[in-house]
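Computed from a predicted structure; not experimentally measured.
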Amino acid sequence: MERLNYQEIVKYIISKYAKDQAEEDLLTVFDRIGKNAQAKGLTEEILEQLLSDES
């Protein structure tokens, strides 16, 4: 798997998830993703479980 640097990751996330790339920054994109996840039932406890399963 190719290792990406920080700038490439940020550009990818914004290009994939930003509604309007010219208007949204990374923080806005993550905020919207988080709100959508919470609306679908994701809790802090579930997130911690998911993250601990990956390590």
Kindly indicate whether the side chain of [X], heavy atoms from C-beta on, has any atom under 4.5 Å from the side chain of [Y].
{"X": "Tyr12", "Y": "Lys16", "answer": "yes"}
{"X": "Leu42", "Y": "Asn36", "answer": "no"}
{"X": "Val29", "Y": "Ile33", "answer": "yes"}

> Could you give the distance from CG (Leu26) to NZ (Lys11), rounded to the nearest 0.5 Å?
Replying inline: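 Between Leu26 CG and Lys11 NZ, I get 13.0 Å after rounding to 0.5 Å.
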>> Once rounded to the nearest 0.5 Å, what's the spacing between atom NZ of Lys35 and atom NZ of Lys40?
In response: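 So the gap between those two atoms works out to 15.5 Å.
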